[in-house]
Structures are given as C-alpha cells and as structure tokens.
Amino acid sequence: MTRELNDQELRRREELDHLIQHGVNPYPYTFDKTHDATAILTNFKDEAPEEFKTVAIAGRIMALRRMGKASFCHIQDASGRIQAYLRTGDIPNYDDFKLYDIGDIVGVKGYVFRTKMGEISVHATELTLLCKSLAPIPIAKEVEDDAGNKVMYDAFADKELRYRQRYKDLVVNPQIRDTFVKRSKIITAMRRYFDDRGWLEVETPILQPLYGGALARPFTTHHNSLDTTLYLRIADELYLKRLIVGGFEGVYEISKNFRNEGMDKTHNPEFTMMEIYVAYKDVYWMMEMVENLLEHIAQTALATTDVTIGKHTVSLKPPFRRLPLLESIQEYTGKDISGMDAAALHIVAKELGIEVEPKATAGKIIDEIFSEKVEHHLIQPTYITDYPLEMSPLAKKHRSKEGLTERFELFINGQEFANAYSELNDPIDQRNRLEEQSRFRAGGDDEAMTLDEDFLHALEIGMPPTSGLGIGIDRLVMLLTNQDSIRDVLFFPQMKRLEA
RNA sequence: GACCCCGUAGCUCAGCGGUAGAGCAUUUGACUUUUAAUCAAAGGGCCGAUGGUUCGAGACCAUCCGGGGUCACCA
C-alpha cells in the first residue's frame with residue numbers, strides 16, 4: 001500500500017537523494033562513539049579542557065539553529081542532550097549539513113568547549129550522517145520562565161499517538177524513559193533477591209491445553225499440526241507446582257499472562273506476573289519474605305522506602321500490618337460477619353447498601369463487601385489474611401480456623417498487589433475443591449477453574465509443604481513510579497486496531 | 001457494556017452557521033558563539049468517516065470509527 005507523502009516527507013526524500021549524489025552513505029554501518037552526552041556535561045572542567053580534546057558523540061538532532069556559516073544543534077543520546085557547534089571551514093562537509101534535519105542521527109567528533117553563553121558544547125571537527133530520518137518528529141521545546149518554572153511548547157501530548165507510536169514518544173519525551181528504566185531496575189532487583197537465595201528462574205508453557213491457577217477468561221488459539229485447542233496461560237501456578245513435585249525447592253517465573261477481559265487503567269490483556277514457590281514454607285514465612293523483598297526493591301530502584309503515589313506516601317518498611325479479612329470488614333463496617341451463612345450475609349450486604357446477585361454464595365458476598373467497604377482504605381501496606389475456603393480453591397485449609405484458608409493478599413494504595421497461600425498439597429482435598437469449581441462452572445460461572453487431571457496426578461506423587469506467591473509486576477511498577485495508568489508502564493499497551 | 005468529553009496543518013491548539021486560522025516545525029533569503037536564536041517572505045488542510053438539516057456545515061442532527069475519563073465487568 002502506498003500512501004501520499006506530505007511536503008515534509010517529500011522534501012526529506014529529496015535531501016536523501018542529494019546526499020547520495022554527493023557520495024554520502026545515509027545509512028552507514030558503525031560509528032565509534034567515545035562519550036555519552038551527560039558524561040561530558042558532568043565531567044568537563046573549564047580549567048582542564050584538554051581532557052576532552054577529542055570526543056565522539058552520536059545521537060539524534062533535536063534542535064537546529066543555523067546562522068549561515070555556522071550552526072548549533074542539540075544532539076540527544078540515551079543519556080541526555082548536548083550541544084554541538086558546526087562551523088564552515090572546520091568540517092569539510094558543512095554544505096551537506098544543510099541537507100540534515102531535525103530527527104537525523106549523526107556522529108560528531110570534536111573538542112569540548114564552553115560557549116560565550118556558558119553552555120558546554122562539542123566543537124565539531126568531523127560530522128558523519130548515521131541515519132537520515134524521512135518522517136518528521138514533533139518538536140518539543142522547553143524553556144524556563146522568569147519564575148524558573150519549566151514551560152513546554154508543542155509537547156507531543158496526544159495519548160493515543162504516544163501509545164501507538166511509543167518510539168516517537170520516547171524520542172520526543174525522553175523523560176518517560178525514566179519510568180521504563182525503573183521498571184527494568186525493579187525487575188532486576190527482584191530477580192537478584194531470588195537468585196541470591198538460591199531459587200531457580202524457570203520457564204513454563206504459555207500455550208497450555210488446559211488453563212488454570214486463576215479465575216479468568218482465557219485467550220483461545222489452535223494448533224494446526226496437533227489439531228487441538230490451546231489456551232494462552234492465565235497463570236503459571238499449576239506448572240510451577242509440578243516442578244516443586246519434581247524436587248526443586250524454590251522456583252520462580254517472571255512472565256506474561258493473558259486474560260481475555262476488560263481493559264482499563266489497571267488492566268491490560270497481557271500483563272507481567274511474578275510467581276514463586278518455595279518448598280517447606282508456609283504463608284507466614286511468605287509474609288516476611290514479601291515485606292523484605294519490597295523493601296529491597298524500593299531501596300535498590302528508588303533508594304528509599306517512602307513511596308509517593310498520587311496523594312499518598314506509602315512506607316514499604318517492614319513489618320506490614322496483618323489483618324484477617326473478617327476483622328477488616330468489622331473494622332470498616334462495624335459488622336461482625338464471622339460464622340454467617342449466605343442468607344445472613346445477604347441481609348448484611350443489603351444493610352450496607354451493597355447490591356449482590358440473589359444466587360451469590362457466601363464467599364462472593366464477603367468479597368463484595370470487602371471490595372466496596374474496605375479495599376480503598378488500605379493505603380499503607382496491609383496483609384489481608386484468612387480468606388474463606390470457597391474463595392481459595394488452591395490454598396491449604398487454615399490450621400486452626402474452621403472454613404478459612406492460609407492465604408493473604410497484600411493491599412497497597414487501595415489495590416491488590418500480591419496473593420499468596422500455604423499451597424494445598426493434599427491431593428484428595430484438592431480434587432474435591434476442583435470438583436466443586438466444576439460445579440460452579442456447570443452452574444454458569446465461566447471463570448471457575450477447570451479440573452486438570454495431570455496436575456492432580458502430580459499432587460498424588462506428592463508435593464512437599466510449599467508456599468506460593470504471585471505479584472503483579474505492572475502494578476508494582478506503577479506504585480514505584482507514581483503512575484496511575486498501566487499504559488504508562490507498558491511500552492506498547494494494547495490498542496484497538498486502526499482500519500486501513 | 002453505559003454515560004460524559006475529544007478528533008481541524010508534521011506537533012500543540014483556536015474557530016461553534018457565511019471565502020479554513022495562530023504558534024512552533026517546513027521552504028527561500030540574510031546572519032561564523034546561538035539558546036523558544038533573530039529578521040524578511042512563502043508553501044502546507046477531503047476540518048476522523050458516512051448520511052441528513054440548511055441557500056450555505058469544520059460548526060447543527062444521526063450513525064459509525066478511533067481516543068481519554070467515570071462507572072460496570074474483572075470473586
């Protein structure tokens with residue numbers, strides 16, 4: 001498909017042709033870069049300019065001021081921006097420079113100096129075109145007003161275009177790179193924490209013949225050779241547990257999960273989850289591990305445990321508050337619902353002004369009350385513990401509290417961040433619970449779990465006592481980078497396809 | 001899925017019934033230390049799409065397509 005070129009695109013193609021006619025390769029192979037822009041800016045000293053007598057920088061031209069026989073441009077590399085000064089006579093190809101544009105990638109060799117206006121710059125002795133840009137980029141200009149505030153002119157602000165063309169967003173709004181650099185640091189810190197403790201990073205199938213380990217609608221696909229339906233995983237859980245059965249004592253996986261559900265500020269159809277399983281541990285051990293882990297990550301990635309998110313400051317310093325689910329409801333509603341059956345809970349929900357479906361089970365109603373009345377209060381890190389059995393088909397029964405499980409969810413800033421159990425390893429109990437899920441499914445709950453015979457067989461071989469945890473990485477990054485939309489922590493968030 | 005807002009030049013936006021506008025970007029000219037460089041001139045648009053109302057629609061109405069936001073769904 002060809003598309004009509006606008007005047008700026010046509011002009012750049014003409015310039016490209018001219019450069020080629022002049023013997024310039026507009027797309028050369030390498031450039032020997034010696035310095036990052038920021039390294040020069042921070043290390044250059046006026047009393048010792050000889051330390052920067054020959055530098056080679058490379059990057060994209062982001063601003064261009066031509067003044068006849070001399071020009072200034074700003075060159076942006078991964079570290080930042082530095083000004084280059086180009087003068088006829090100093091470089092042999094100054095005339096070709098007129099065919100360069102904002103957006104072109106260039107290499108500049110030269111010496112560092114400070115201009116009359118005080119800006120540290122590179123005085124070019126060689127100029128090399130490294131990539132001719134054929135499409136114009138938006139130009140963001142930033143200036144400080146009299147009060148010292150930064151004012152943006154012509155920012156690239158259209159969110160749709162920024163998400164669809166993230167490459168352009170990163171060029172024009174380089175400050176957003178910080179979020180993604182932090183994302184990488186967060187994941188690296190987490191990985192290192194686990195590796196240091198001897199737990200093994202593993203990979204398990206994304207294409208699964210049965211989906212399980214969570215309650216969600218899957219994406220469905222088809223394998224041609226096997227002529228069979230496969231599902232994109234909604235969770236790693238059942239495969240990681242098989243590895244614990246196999247004898248590994250600590251395994252974790254950081255990977256994409258896929259859920260075929262609504263999209264909003266905290267949900268993308270593909271998202272990154274970390275799941276870890278450690279043998280011979282229970283959920284109480286896991287609480288201590290998680291709070292230490294989060295402290296470690298915050299210290300490593302942010303150098304502080306006090307995190308600003310929206311209007312709140314959250315402290316990730318251990319220990320985190322622990323609050324049983326039913327007590328949390330009592331604390332925020334004044335209602336003691338312990339021991340109530342579904343009928344009694346329906347009445348309580350009505351008193352609290354919460355609408356629930358008439359056929360809702362006790363677990364669903366409790367969850368509804370929690371979501372409506374408690375969750376948004378949980379700003380500081382809080383472990384909600386002791387979830388009802390029917391809400392937790394893969395968690396071990398509580399060792400002392402009837403009808404409850406050994407489970408916690410971690411809430412921060414009113415959102416769920418982690419979910420963990422003492423993992424159910426009794427194969428007979430597990431079969432009963434999954435069969436109950438099957439009955440929910442038959443009753444119309446299309447998100448109830450499927451029964452995975454092979455997983456049950458693995459449990460029959462025997463899984464040691466194990467604690468497991470899942471942490472939503474995207475939300476963790478949002479928390480630690482003070483972003484309120486998941487789209488701002490994903491390079492390429494899911495968008496609707498545009499018609500041709 | 002419901003409701004509200006948005007879609008006009010490469011970018012950011014104004015125009016809200018009467019000949020399509022501004023700033024930046026772009027082009028041409030001047031300028032060998034500029035800083036949103038400056039000065040002078042110029043080009044650039046199926047006003048998201050399709051129907052309708054009207055003598056006349058970028059504007060009003062309807063539908064559709066994209067996006068943002070609230071809510072619902074996501075235990």
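Computed from a predicted structure; not experimentally measured.
- Ranking B:G66, B:G44, B:U12 by closeness to the A:R164 side chain, first place goes to B:G66.
- Between A:E368 and A:K364, no side-chain nitrogen of the basic residue sits less than 4.0 Å from a carboxylate oxygen of the acidic one, so the salt-bridge criterion is not met.
- Nucleotide B:U32 holds its P atom 14 Å from the CG atom of A:D95, rounded to whole Å.
- Atom name P, nucleotides B:C55 and B:U50: the rounded distance is 23 Å, in whole Å.
- With a glycosidic angle more than 90° from 0, B:C6 adopts the anti conformation.
- Using the Watson-Crick or G-U wobble rule with both distances under 3.5 Å, B:A72 pairs with nothing in any strand shown.
- Separating the P atom of B:U27 from that of B:U70 is a span of 42 Å, rounded to the nearest Å.
- Comparing B:C24 with B:A37, their C1' atoms sit 14 Å apart, to the nearest whole Å.
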Nucleotide N/O to protein N/O under 3.5 Å, stretch nucleotides 7-9 of chain B:
none

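- Ion pair A:K132/A:D101 flagged as a salt bridge, since at least one NZ, NE, NH1 or NH2 atom sits closer than 4.0 Å to an Asp/Glu carboxylate oxygen.
- Of the candidate nucleotides B:U33, B:G67, B:U32, B:U32 has the atom lying nearest to any side-chain atom of A:T88.
- You'll find that the side chain of A:D264 is closest to B:C73, out of B:U32, B:C73, B:G10.
- An OP1 or OP2 oxygen of B:U26 is reached within less than 4.0 angstrom by no side-chain nitrogen or oxygen of A:R11.
- Candidate nucleotides B:C11, B:U12, B:U34 were compared by shortest atom distance to the side chain of A:Q83, and B:U34 ranks first.
- Closest contact between the side chain of A:N6 and the listed nucleotides B:C31, B:U70, B:G10 involves B:G10.
- Among the protein residues, A:R66 comes within range of the nucleic acid bases, having at least one heavy atom under 4.0 Å from a base atom.
- Side-chain contact annotation: A:R183 with A:Q483, donor-acceptor N/O pair under 3.5 Å absent.
- The nearest heavy atom of RNA chain B to A:R87 and to A:D158 marks one nucleotide each, and the one closer to the 5' end goes with A:D158.
- For the pair A:R166 and A:F180, the cation does not sit on the ring face, since its NZ or CZ is not both under 6.0 Å from the ring centre and inside 45° of the axis.
- The CD atom of A:Q208 sits 7.5 Å away from atom CG of A:L238, with the distance rounded to the nearest 0.5 Å.
- Using atom C1' as the reference point in both B:G48 and B:G7, the two lie 6 Å apart (nearest Å).
- Between B:C31 and B:A20, the distance separating the two P atoms is 39 Å to the nearest Å.
- Residue contacts shown for A:L161 are limited to sugar-phosphate atoms, with no base heavy atom under 4.0 Å away.
- The aromatic ring centres of A:Y85 and A:Y111 sit 6.0 Å or more apart.
- The side chain of A:Y85 has B:U32 as its nearest neighbour among B:C73, B:U32, B:U27.
- Judged by the 6.0 Å and 45° rule, A:R475 forms no cation-pi pair with A:F417.
- Taking atom P in both B:U38 and B:G23, the straight-line distance is 12 Å, to the nearest Å.
- A salt bridge does not link A:R13 with A:E15: none of the charged nitrogens is closer than 4.0 Å to a carboxylate oxygen.
- In summary, the aromatic rings of A:H377 and A:F411 are positioned with their centroids too far apart to meet the 6.0 Å limit.
- Applying the 4.0 Å criterion to OP1 and OP2 of B:C6, one finds that A:K159 has every side-chain N and O outside that range.
- In this structure, the nucleotide among B:G66, B:C74, B:U34 sitting nearest to the side chain of A:R65 is B:U34.
- A:E435 pairs by the side chain to side chain donor-acceptor pair (under 3.5 Å) definition with nothing, not counting sequence neighbours.
- In this structure, the nucleotide among B:G43, B:G10, B:G67 sitting nearest to the side chain of A:D7 is B:G43.
- Residues of residues 106-133 of chain A having a heavy atom closer than 4.0 Å to RNA chain B, listed by number: A:F113, A:T115, A:K116, A:M117, A:E119.
- Listed nucleotides B:A25, B:U34, B:G69 differ in distance to A:I139; the shortest reach to its side chain belongs to B:A25.
- Between B:C73 and B:U26, the two C1' atoms lie 48 Å apart (nearest whole Å).
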